[in-house]
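One structure is given here, and the rest of the page talks about it.
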Amino acid sequence: MRKQSESAREAERSRDVQAAQLRPGSRRSFIDRLIGTGIGGIVLSALYPVVQFLIPPATRESAKASVALSLAAEDVASNTGTIFKFGSQPGILVRMPDGELRAFSAVCTHLGCTVQYRSDLRHIWCACHNGHFDLNGVNVGGPPPRPLDRYGVHVLEGRISVSRDL
Ligand code: FES
């Protein structure tokens with residue numbers, strides 16, 4: 001009989017300790033919240049880049065209508081591409097193998113990476129997801145959904161300027 005009452009008291013004490021640990025503001029409740037917050041933070045930090053990849057960044061158009069490049073036309077070699085700044089966006093100036101100069105927006109139409117000229121392929125390429133554009137700026141391979149915007153190129157007294165109108 002005495003043994004039974006001792007074990008009943010022991011069980012009651014154990015329940016009291018557990019109840020105290022689960023009470024709001026207790027150490028155990030604090031640790032549970034800390035772990036929950038940590039797991040939530042890990043899940044959010046893993047999801048953020050995935051969402052960034054799936055939702056393309058908004059690209060703002062430069063307000064500038066034209067830009068003078070610091071390049072002399074004679075310094076641009078055949079079968080090369082040069083990145084330049086058109087307002088806040090990159091552009092690419094390409095010297096065609098036949099000598100003609102062409103310019104395009106260098107913002108890939110897929111997810112906005114900066115494209116580059118590949119002299120080995122003789123076309124414009126985006127390294128991010130292997131997007132390909134021909135020398136008219138037309139998307140010819142990979143995920144880009146539309147052509148690059150084309151710009152006009154003007155050479156006056158050996159100096160190059162690029163404008164939005166062709
Ligand atoms: Fe250019 Fe994806 S951003 S191919």
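Computed from a predicted structure; not experimentally measured. As the structure lists them, so they are numbered: ligands from 1, and atoms in each ligand from 1. Residues: numbered from 1 along the sequence shown.
Residues Asn139 and Pro147 approach most closely at OD1-N, 3.2 Å, considering heavy atoms.
Side-chain contact of Tyr117 with Asn79: a donor-acceptor pair under 3.5 Å is present, judged by distance alone.
You'll find the ring centres of Phe86 and Tyr151 inside the 6.0 Å limit.
In summary, Cys108 places an N/O/S atom under 2.8 Å from atom 1 (Fe) of ligand 1, meeting the contact criterion. Not one N/O/S atom of Cys126, from backbone or side chain, sits under 2.8 Å from atom 2 (Fe) of ligand 1.
Short contacts between ligand 1 and Cys128, defined as distances under 4.0 Å to a heavy atom of the residue, involve ligand atoms 3 (S). Residue-ligand proximity, His110 to ligand 1, at heavy-atom distances under 4.0 Å covers atoms 1 (Fe), 2 (Fe), 3 (S), 4 (S). Per-residue contacts place Leu111 under 4.0 angstrom from the following atoms of ligand 1 (heavy atoms of the residue considered): 3 (S). Numbered from 1 in the order shown, with element, the atoms of ligand 1 that lie under 4.0 Å from a heavy atom of Cys113 read 3 (S).
Using a 4.0 Å cut-off between a side-chain N of Lys or Arg and a carboxylate O of Asp or Glu, Arg9 and Glu12 do not qualify as a salt bridge. Look at Asp149 and Arg146 and you find a salt bridge, because one of the NZ, NE, NH1 or NH2 atoms lies within 4.0 Å of a carboxylate O, short of that distance.
His129 contributes atom ND1 as its closest N/O/S atom to atom 2 (Fe) of ligand 1.
The SG atoms of Cys113 and Cys128 sit under 2.5 Å apart.
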